[in-house]
S.K.: 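Right, I'll just put the structure down here and ask away after.
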Amino acid sequence: MRPSRYNFREAEPRWQKSWDEAKTFATRTDDPRPKYYVLEMFPYPSGRIHMGHVRNYAMGDVVARYRRAKGHAVLHPMGWDAFGMPAENAAMEKKSHPATWTYQNIATMKAQLKSMGLSLDWAREFATCDPSYYRHQQAMFLDFLSGGLVARKTSKVNWDPVDQTVLANEQVIDGRGWRSGALVEQRELTQWFLKISDYSDELLSALDSLPRWPEKVRLMQANWIGRSEGLMVRWALDAATVPAGETELEIYTTRPDTLFGASFMAIAADHPLAKSASAKNAELAAFCEECRRMGTSQAVLDTAEKRGFDTGIRAIHPLVPGKTVPVYVANFILMDYGTGAIFGCPAHDQRDHDFATKYDLPIIPVVRAADLTDDVANAAFRREDPPVTEDGILFNSGFLDGLNVADAKEAVARKLETASLDNRPVGTRKVNYRLRDWGISRQRYWGCPIPIIHCEACGTVPVPKKDLPVKLPDDVTFDVPGNPLDRHPTWKHVNCPQCGLKARRETDTMDTFVDSSWYFARFTDPFNESEPTTLSAIQKWLPVDQYIGGIEHAILHLLYSRFFTRAMTKTGHATLSEPFDGLFTQGMVVHETYKNADGAWVPPADIRIETVEGERRAVEIASGQPVSIGAIEKMSKSKKNVVDPDDIIASYGADTARWFMLSDSPPERDVIWTEDGVQGASRFLQKVWRLVGDAVALPTGDSGQLHPVTKAAHKAILAVGEDVERLRFNRCVAHIHELSNALAEALASPDATKNADQIKAATRILVQLFAPMMPHLAEECWTELGGEGFVADAAWPVGDASLIVEDQLLLPVQVNGRKRADVSVPAEADNATVEALVLADASVQAALGGKPVRKVIVVPKRIVNIVV
RNA sequence: GCCCCUGUGGCGGAAUUGGUAGACGCGACCGACUCAAAAUCGGUUUCCGCAAGGAGUGCUGGUUCGAUUCCGGCCAGGGGCACCA
């Protein structure tokens, strides 16, 4: 006897087991069908999956299952981004080991993912903390090193003096360490860098080759790379004012057109000229030291005033004979951008204006509004006027007078390129990038060890590949701050592989972004034990056809992966440059927040929503006390507005959770999790269950007439297919609702029996259309309908467009742009016929009210507009 | 400060990219079934109006036979970058 309600508790685990046993979702490397690689950003094993994961993996699973049905060999793997600080923090708090904590979390989360019924090939699973994964990463690091893609440099870093570690910029909040709360210091450390800046230009220009990426992400990456075109200009220094050995100062500018407005030069405290000038000037040396100590965190920068110190050096203007300007050391000049030196033009730059005001330097306007004359502009100018940064007409600028900004830039570049100082050009065009090399050294335990040995005699020596992996030692302690690797009694003491003398292992580990920069490539053949990748597998499966994840990775992870793929290709580990052909960034899962009278956050599970006199109210279930309803925000533990996927799957089932996640909200936008919404999804699931039961119960019968339900089914096939391919899952859901409504109508009609065959065929189509979204229910219904094997293995139905075509069209008719009537016309009628039919229509004539027709516009199959 | 995105019913959102604004769902209301409730089924639901009709996609101007869609200005919300020369 068929139960009246679908029992997901019994059915879901049963189907998951059946798929497992049949190896339905195992990917075969020798599968000859066209490939399709679907990948969702792999999770960090933080403990439990959250609703964001459910949304992400539900979307990816729809794509994977749809592509399987369309006849692709689908690669849809899953793994774990398993290194990182939370494991060490947990180890400190719970006195356990990061590995224990991590692998336990993986076990828990894997079981949770399995309960979602995802079509994953679990045979390819790995965690980045497995030595079998990171050994290959170490091998690639060595190849990158010999390929010239790695540099060891000294740079300023954020240093947390309490936790004794380097912090990423994202981990510095208001100038303090995010964990310790200690004021972050700037420290010079020697670190390992990957030379991503060698690829600045290519990473930027190749963005144009990624049409299937969101425009927003490409734009964010372009801004991050930050290309600017400008001019390097060498200024001679007044010999009477310079320290011995200094003769010139080279600056970088994007506004060479404003050179005539120069009133000072400013150099960074770390600039070589600042250092040589400091040698004989104690006051200047002290100022430079102060600048260096100043942090570069947001909080410091926002409040710090612009300060400078006159070095006494005078620079000779390259275009104005006899003019010199003072050279300052200034605290707002960065050594690592451009040349670490600028010329200041206070009239056309806010910072320069602030500086000139403070030190009472000249302000010379050189760009004026086009509708003024030079005299009017000069007469109207006041020192306190805000700097003019818009385009305009050059004045007070010698040979540039009368030109616009763009032309003036070009004119200056031409002139200075040919001018010479010490037999070299004064000016050189130069493209600069904001993108810096990627510092990957972390003073952390739970990361991939950098396979280097430091030898007093031989310098930095790579660990021989035969000695890989450099494995993390297990016996470490977390009771004191700092890097456990560094204080481990034996681990770092090794002999130099070159000279055999006593040497020291590198105790820094790699940034965890390195781990995630190539996992997608490893998935193509995780079984290869001797090499990171298998080129034939790379060629077969990459690029990833559809990558899905959060927008928070728009820059770092995606940019690093694009760089890494190029680096892998350069070192023979890959054969392409762009890893992700299609990228989709999904929105967050958000929920209402609740606060009780004491101001404490209350989780949604502890409250009940009631409607009193048309007003929504929340009440705490345990106490019966009213709770205030707050803003809708991203689910977060701190605000307790979280809904546990386990609870939802237990009370509604995975299919309901998946269906709700895909309904209503467009996938790129945030989705608001509501109890009403989940119940609606659950109701639809049961409705489908009843419809299928009713259809199965029908005897066979065919009226021989095309039934509307067949039209509806074929319309839905075409619409759902198109919308899945464009990842518009909310529209897919709407189309499926429409088909189910048509089916319900057909089943309720008295002539259902006469049309049983068409109704059953339409039901079967319905099941196939929602199968990627609610796979368990679909299998259950498929079996009832007598389908062969799994619906997961069935071919996607073919939509017949000819069945949808109507022979009569109901054309809307507008009069002066306002809809007045609908007129039925033959679908194939030409414009003249349509016009005649429309004008003959009684309701149209009534709407015209006898006014003369001036013009009739017929848009075929769309609309008719009559102008009177 | 610079760059970008988004504003449509009570709510989430559709609208074939210049052609019937409000698909589909949620909520609400009315009705049927029931002793009753739940579930289910039928109906109503942009606003004003009894109706005929009129207004309506943040505001405002424009282009067009026709604008949610294109262009200009403004307002609001959100995001990215930021002493980057």
Side-chain angles (χ1 to χ4, degrees), chain A residues 4-5 214-224 226-228 230-231 251-256 258 266 268 294 296 298 300-302 304-306 330-334 336-345 348-352 354-355 387 389 432-436 551-552 554-555 611 614 616 660 663-666 668-672 674-681 683-684 686-687 690 719 722 728 730-741 744 748 810-822 854-868:
Chain A
S4 62
R5 288 181 68 80
E215 182 64 36
K216 183 189 167 97
V217 174
R218 284 185 288 168
L219 196 75
M220 281 166 69
Q221 292 215 350
N223 288 341
W224 185 264
R227 180 189 150 101
S228 67
L231 200 65
I251 56 97
Y252 176 72
T253 178
T254 57
R255 291 297 302 272
T258 63
M294 190 184 75
T296 53
Q298 199 57 55
V300 178
L301 294 180
D302 282 349
E305 65 174 327
K306 308 223 171 339
N331 64 350
F332 63 95
I333 305 300
L334 305 173
D336 54 0
Y337 187 81
T339 62
I342 62 153
F343 80 87
C345 177
H348 303 287
D349 181 280
Q350 185 65 54
R351 282 161 314 161
D352 297 350
D354 296 346
F355 195 81
T389 51
N432 255 327
Y433 298 91
R434 212 184 63 96
L435 184 66
R436 303 298 152 74
I551 185 77
E552 66 272 20
I555 296 174
T611 308
R616 278 184 84 240
F660 175 59
S663 308
D664 288 357
S665 290
E668 70 278 8
R669 279 199 224 171
D670 292 349
V671 63
I672 305 172
T674 62
E675 191 66 16
D676 283 338
V678 186
Q679 282 172 2
R683 267 204 302 276
F684 179 69
Q686 297 296 347
K687 177 183 169 179
R690 284 193 303 274
E722 189 188 323
R728 300 198 292 200
N730 56 320
R731 287 173 38 131
C732 295
V733 167
H735 300 315
I736 289 168
H737 272 292
E738 278 173 308
L739 176 53
S740 70
N741 289 343
L810 200 60
L811 273 193
V813 178
Q814 296 181 329
V815 177
N816 286 349
R818 276 266 155 208
K819 194 199 158 194
R820 295 296 176 193
D822 288 303
R854 286 236 311 269
K855 194 172 169 189
V856 178
I857 294 135
V858 179
V859 183
K861 299 187 182 179
R862 288 241 196 277
I863 202 165
V864 178
N865 193 9
I866 303 171
V867 187
V868 297

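All values below were derived from every heavy atom in this structure, side-chain atoms included, with hydrogens, water molecules and symmetry-related copies excluded. Proteins get letters first, then strands, A, B, ... in listed order; numbering begins at 1 in each.
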S.K.: Considering heavy-atom distances to RNA chain B, does A/Val859 or A/Arg690 have its closest nucleotide positioned more toward the 5' end?
M.R.: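 In this pair, the answer is A/Val859.
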S.K.: Considering just the side-chain nitrogens and oxygens of A/Arg683, establish if one lies under 4.0 Å of OP1 or OP2 belonging to B/rG27.
M.R.: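 Checking B/rG27 against A/Arg683, a side-chain N or O does come within under 4.0 Å of OP1 or OP2.
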S.K.: Give the nucleotide from the list B/rG80, B/rG66, B/rG25 with an atom nearest to the side chain of A/His737.
M.R.: B/rG25
S.K.: Using the side-chain heavy atoms of A/Asn741, tell me which of these nucleotides is nearest: B/rC24, B/rC83, B/rU20.
M.R.: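 From the listed options, B/rC24 comes nearest.
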S.K.: What verdict does the side-chain contact (heavy atoms from CB on, under 4.5 Å) test give for A/Phe684 and A/Ser663, after you've listed the backbone C-alpha separation in whole Å, the side-chain angles of each residue and the deciding distance to 0.1 Å?
M.R.: CA-CA 11 Å; A/Phe684 179 69; A/Ser663 308; over 6 Å; no
S.K.: Between B/rC84 and B/rU57, how far is it from one C1' atom to the other, in whole Å?
M.R.: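 It comes out at 41 Å once rounded to the nearest Å.
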S.K.: Base, sugar-phosphate, or nothing: which does A/Ile857 touch, judged by heavy atoms less than 4.0 Å apart?
M.R.: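 Here A/Ile857 touches the bases of the nucleic acid.
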S.K.: From B/rG25, B/rG80, B/rA21, pick the nucleotide closest to the side chain of A/Asp664?
M.R.: B/rG25
S.K.: When the P atoms of B/rG56 and B/rC5 are compared, how many Å lie between them, rounded to an integer?
M.R.: 28 Å
S.K.: With heavy atoms under 4.0 Å as the rule, sort A/Asp676 into base, sugar-phosphate or nothing.
M.R.: sugar-phosphate
S.K.: So which nucleotide from B/rC4, B/rG25, B/rA85 ends up closest to the side chain of A/Ile333?
M.R.: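 Shortest atom-to-atom distance from the side chain points to B/rA85.
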S.K.: What's A/Asp354 touching, base or sugar-phosphate or nothing? Going by heavy atoms closer than 4.0 Å.
M.R.: nothing
S.K.: Could you tell me whether A/Ser663 contacts a base, only the sugar-phosphate backbone, or nothing, with contacts defined as non-hydrogen atoms closer than 4.0 Å?
M.R.: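 No contact at all - A/Ser663 keeps every heavy atom at 4.0 Å or more from the nucleic acid.
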S.K.: Are A/Arg227 and B/rC84 close enough that a side-chain N or O sits under 4.0 Å from OP1 or OP2?
M.R.: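 Looking at the OP1 and OP2 atoms of B/rC84, neither is under 4.0 Å from any side-chain N or O of A/Arg227.
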S.K.: Between B/rG22 and B/rG27, how many Å separate the two P atoms, rounded to a whole number?
M.R.: 22 Å
S.K.: Report the nucleotide, chosen from B/rU16, B/rU20, B/rC83, that has the shortest atom-to-atom distance to any side-chain atom of A/Lys819.
M.R.: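 That would be B/rU20.
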S.K.: In whole angstrom, give me the gap between the C1' atoms of B/rG53 and B/rG62.
M.R.: 29 Å
S.K.: Look up atom CG in A/Asp349 and atom CZ in A/Phe343, then write down how far apart they are to the nearest 0.5 Å.
M.R.: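 The CG atom of A/Asp349 sits 9.0 Å away from the CZ atom of A/Phe343.
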S.K.: Could you give the distance separating B/rG42 and B/rU46 at their C1' atoms, to the nearest angstrom?
M.R.: 23 Å
S.K.: Please determine, for the side chain of A/Ile863, which listed nucleotide (B/rU20, B/rA14, B/rU16) has the closest atom?
M.R.: B/rU20
S.K.: Tell me, please, whether A/Phe355 has A/Lys306 positioned over its six-membered ring: NZ or CZ under 6.0 Å from the ring centre and within 45 degrees of its axis?
M.R.: no
S.K.: When rounded to the nearest Å, what value does the distance between P atoms of B/rU60 and B/rG9 take?
M.R.: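 Looking at atom P only, B/rU60 and B/rG9 are 15 Å apart.
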S.K.: Does the side chain of A/Tyr252 get closer than 4.0 angstrom to OP1 or OP2 of B/rA85 through an N or O atom?
M.R.: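 Negative; the distance criterion is not met.
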S.K.: So does A/Arg434 get a side-chain nitrogen or oxygen closer than 4.0 Å to the phosphate oxygens (OP1/OP2) of B/rA82?
M.R.: yes
S.K.: Report the distance from atom CD of A/Glu722 to atom NE2 of A/His735, rounding to the nearest 0.5 Å.
M.R.: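 Here the rounded value is 7.5 Å.
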S.K.: Using a 4.0 Å heavy-atom cut-off across all strands, classify A/Val867 as base, sugar-phosphate, or nothing.
M.R.: sugar-phosphate
S.K.: The side chain of A/Pro666 is closest to which nucleotide in this list: B/rC84, B/rG13, B/rC3?
M.R.: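 The answer is B/rG13.
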S.K.: Roughly how far, to the nearest 0.5 Å, is CZ of A/Phe660 from OG1 of A/Thr674?
M.R.: 4.0 Å
S.K.: By the rule that syn is within 90° of 0, classify the base conformation of B/rU17 as syn or anti.
M.R.: syn
S.K.: What nucleic acid atoms does A/Arg820 come within less than 4.0 Å of, heavy atoms only: base, sugar-phosphate, or nothing?
M.R.: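 Touches sugar-phosphate only.
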S.K.: Have a look at A/Lys216 and say if it touches a base, only the backbone sugar-phosphate, or nothing, with a 4.0 Å heavy-atom cut-off.
M.R.: sugar-phosphate
S.K.: Between B/rA85, B/rC3, B/rC24, which nucleotide has the shortest distance from any of its atoms to the side chain of A/Ile342?
M.R.: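 From the listed options, B/rA85 comes nearest.
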S.K.: Taking O4'-C1'-N9-C4 for purines and O4'-C1'-N1-C2 for pyrimidines, is B/rG49 syn (within 90° of 0) or anti?
M.R.: anti
S.K.: Within this structure, what is the NZ-to-C1' distance between A/Lys306 and B/rC83, rounded to whole angstrom?
M.R.: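 Atom-to-atom, A/Lys306 to B/rC83, this comes out as 5 Å.
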S.K.: From C-beta outward on A/Arg669, which listed nucleotide comes closest to its side chain: B/rA23, B/rG7, B/rG66?
M.R.: B/rG7
S.K.: For atom P, what is the distance between B/rC29 and B/rG78, given to the nearest Å?
M.R.: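 Looking at atom P only, B/rC29 and B/rG78 are 33 Å apart.
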S.K.: Taking 4.0 angstrom as the limit, do A/Arg436 and A/Asp336 come out as a salt bridge?
M.R.: yes
S.K.: So what does A/Ile736 touch, heavy atoms closer than 4.0 Å: a base, only the sugar-phosphate, or nothing?
M.R.: nothing
S.K.: Could you give the distance separating B/rA38 and B/rC33 at their C1' atoms, to the nearest angstrom?
M.R.: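 13 Å, rounded to whole Å.
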S.K.: Can a donor-acceptor pair be found, under 3.5 Å and without considering hydrogens, that links the side chain of A/Tyr252 to the backbone of A/Gly230?
M.R.: yes
S.K.: With a 4.0 Å limit, can you tell me whether A/Asn730 has a side-chain N or O closer than that to the phosphate oxygens OP1/OP2 of B/rG25?
M.R.: no
S.K.: Report which part of the nucleic acid A/Asp352 touches: base, sugar-phosphate, or nothing (heavy-atom distance under 4.0 Å, all strands).
M.R.: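 Counting heavy atoms under 4.0 Å across all strands, no contact is made by A/Asp352.
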S.K.: Could you please name the option among B/rA23, B/rA85, B/rA21 that lies closest to any side-chain atom of A/Gln814?
M.R.: B/rA21
S.K.: Using a heavy-atom cut-off of under 4.0 Å over every strand shown, decide if A/Gln350 touches base, sugar-phosphate, or nothing.
M.R.: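 Since no nucleic acid heavy atom lies under 4.0 Å of A/Gln350, the category is nothing.
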